[in-house]
Asker: 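After the structure tokens below, expect a handful of questions from me.
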Amino acid sequence: MSKILIRGAKVLGGQPQDVLIDGETITQVGTGLTADGAEVVEADGKVLLPGLVDLHTHLREPGREDSETVLTGTRAAASGGYTAVFAMANTFPVADTAGVVEQVWRLGREHGYCDVRPIGAVTVGLEGSKLAELGAMHESAAGVTVFSDDGKCVHDAVIMRRALEYVKAFDGVVAQHAQEPRLTEGAEMNEGVVSAELGLGGWPAVAEESIIARDVLLAEHVGSRVHICHLSTAGSVEIVRWAKSRGIRVTAEVTPHHLLLTDELVRTYNPVYKVNPPLRTERDVMALREALADGTIDIVATDHAPHPHEDKDCEWAAAAMGMVGLETALSVVQETMVDTGLLDWAGVADRMSFKPAQIGQATGHGRPVSAGEPANLTLVDTAYRGSVDPAGFASRSRNTPYEGRELPGRVTHTWLRGKATLVDGKLT
């Protein structure tokens, strides 16, 4: 097994140290380290983080390989500093059986760019009427612990209660796409001043907040775990904060695009800004940043949602909802949270590695950068600034809202169990 000596890296943004990897494991962390025959990586003060973990990725395979595959999606993940991703269940066929989740899990293992942990559907076919094979998916080789109908809300309170009761048996978690369907019929963007001026159907904040309020109460009643996907409003933040104060087992995520972009961008009618939940107001964005900083929102998750060119290069009403995010997530978090002083790099490691690994029970990920731990690592050049060029993406899709925008930071190296998946910004 090869040895790698990372020299002069700021571990979690601290003082420069050396990190020695032997095989799949970190064996030493200190200063002035040497190792015969080791490959030396001169970090030159770059920040070394534990490999990032994304609890919300759409890999599209099986069924929509024109948008993304497990291979291209995990290459995009490695490019963005991720060593583990959780793949959402809205594939074709839906990942609602042990067979489908095992297929996705095995593809991840074969490709080797990052670990793929499938998320199982809550209901059969994402139709919201009958529980899927939750136990069978958990007992499968994929070991599913997270279940979600993301893309659709588990809107039936009885079904949601039963799912929460079921996953409690193995300390699983139900990840809810909080969207009351009747309140969002015909919705195309955030309901507010901009939607009124543009004459577009509005997606009101209460459609998200009402489901979150119901589900935290259900989780309290059952004594189970609920996770809120892509939380997007100031009101949702207050509900989650209240629930946590009562000891309810709720966790929540925010996407990078909801930390940076607002509904004012919809004035361009560029479908690249069409996403679910929609871009909200500046007030919401500021509330989300503060909530991520104070821990009310637990993690950053990309909601990486690739779409082929024709699904976005069309009129607004016909366009698909979603944005790619794996390759730009860390840069957006640096701009919105680190460069603003709201989080330090240790806080970023907590929100983008430690906590998501803990929520999803991703063994071996989200571990400290210390001796004896798995060598799942990412090295970041935080001084870099450059314009986003989707032509260079590893993802099969290019639907990024950041094209041409200057963002800080660049992942230069990623290691998965000591094996380099990204070297000097290039995939191995």
Asker: More than 12 foreign heavy atoms under 6.0 Å from CZ of R109: is that the case here?
Answerer: no
Asker: Can you find a side-chain donor-acceptor pair between T233 and E209 that sits under 3.5 Å?
Answerer: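 Yes, because at least one side-chain N or O of T233 sits under 3.5 Å from a partner of the opposite role on E209.
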Asker: So does R267 pair up with E264, basic N to acidic O under 4.0 Å?
Answerer: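 A salt bridge links R267 with E264.
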Asker: Check the pair S331, T328 against side-chain hydrogen bond (donor to acceptor under 3.5 Å, both in side chains), reporting the backbone distance first and the verdict last.
Answerer: CA-CA 5 Å; S331 291; T328 52; over 6 Å; no
Asker: D66 and P308: which non-hydrogen atoms are nearest, and at how many Å?
Answerer: OD2-CG, 3.7 Å
Asker: Is the shortest distance from a Lys or Arg side-chain nitrogen in E290 or R241 to a carboxylate oxygen in the other one below 4.0 Å?
Answerer: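 Looking at E290 and R241, the cut-off is not met.
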Asker: If you measure from the Lys or Arg side-chain nitrogens to the Asp or Glu carboxylate oxygens, is any gap between D313 and R398 under 4.0 Å?
Answerer: no
Asker: Counting only N and O atoms by type, is there a donor-acceptor contact under 3.5 Å from the side chain of H58 to the main-chain atoms of G322?
Answerer: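 No; judged by distance alone, with no hydrogens or angles, the pair does not exist.
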Asker: I'd like to know if E39 and K3 make a salt bridge, using a cut-off of under 4.0 Å between side-chain N and carboxylate O.
Answerer: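 Answer for the salt bridge query: no.
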Asker: Using a strict cut-off of less than 4.0 Å between a Lys/Arg side-chain nitrogen and an Asp/Glu carboxylate oxygen, indicate whether K244 and D298 qualify as a salt bridge.
Answerer: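 Yes.
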Asker: Salt-bridge test for R367 and E373: reply yes if a basic N is under 4.0 Å from a carboxylate O, no otherwise.
Answerer: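 Looking at R367 and E373, the cut-off is met.
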Asker: Any salt bridge linking R396 with E68? Criterion: basic side-chain nitrogen under 4.0 Å from a carboxylate oxygen.
Answerer: no
Asker: For G360, is there any backbone N or O sitting under 3.5 Å from a side-chain donor or acceptor partner on T145?
Answerer: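 Yes; at least one donor-acceptor contact below 3.5 Å.
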Asker: Taking atom types as modelled and ignoring hydrogens, do the side chains of H307 and N399 form a donor-acceptor contact shorter than 3.5 angstrom?
Answerer: no
Asker: Among side-chain atoms of E208 and S236, is any donor-acceptor pair under 3.5 angstrom?
Answerer: yes
Asker: Is it true that R417 and D115 make a salt bridge, defined as a side-chain N closer than 4.0 Å to a carboxylate O?
Answerer: yes
Asker: Quick check: do W316 and N270 have side-chain heavy atoms less than 4.5 Å from each other?
Answerer: no
Asker: State, without any angle test, whether H365 and T83 hold a side-chain donor-acceptor pair at a distance under 3.5 Å.
Answerer: yes
Asker: What verdict does the side-chain hydrogen bond (donor to acceptor under 3.5 Å, both in side chains) test give for H304 and T57, after you've listed the backbone C-alpha separation in whole Å, the side-chain angles of each residue and the deciding distance to 0.1 Å?
Answerer: CA-CA 5 Å; H304 175 81; T57 300; over 6 Å; no
Asker: Does D381 pair with K46 as a salt bridge, N-O distance under 4.0 Å?
Answerer: no
Asker: Taking atom NZ as the centre, does K10 end up with more than 12 heavy-atom neighbours from other residues, nucleotides or ligands that are less than 6.0 angstrom away?
Answerer: no
Asker: Under 3.5 Å, which donor-acceptor pairs do the side chains of residues 167-179 form with other protein atoms, sequence neighbours left out?
Answerer:
residue: K168; atom: NZ; partner: V222; partner atom: O; Å: 2.9
residue: D171; atom: OD1; partner: R225; partner atom: NE; Å: 3.4
residue: D171; atom: OD1; partner: R249; partner atom: NH2; Å: 3.0
residue: Q176; atom: OE1; partner: V154; partner atom: N; Å: 3.0
residue: Q176; atom: NE2; partner: V154; partner atom: O; Å: 3.1
residue: Q176; atom: NE2; partner: D215; partner atom: OD2; Å: 2.9
residue: H177; atom: ND1; partner: D150; partner atom: OD1; Å: 3.1
residue: H177; atom: ND1; partner: G151; partner atom: N; Å: 3.3
residue: H177; atom: ND1; partner: H230; partner atom: NE2; Å: 3.3
residue: H177; atom: NE2; partner: Q179; partner atom: OE1; Å: 2.8
residue: Q179; atom: OE1; partner: N276; partner atom: ND2; Å: 3.1
residue: Q179; atom: NE2; partner: T184; partner atom: OG1; Å: 3.0

Asker: Regarding D303 and T255, is there a side-chain donor-to-acceptor distance under 3.5 Å anywhere?
Answerer: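 Per modelled atom types, D303 and T255 side chains form no pair under 3.5 Å.
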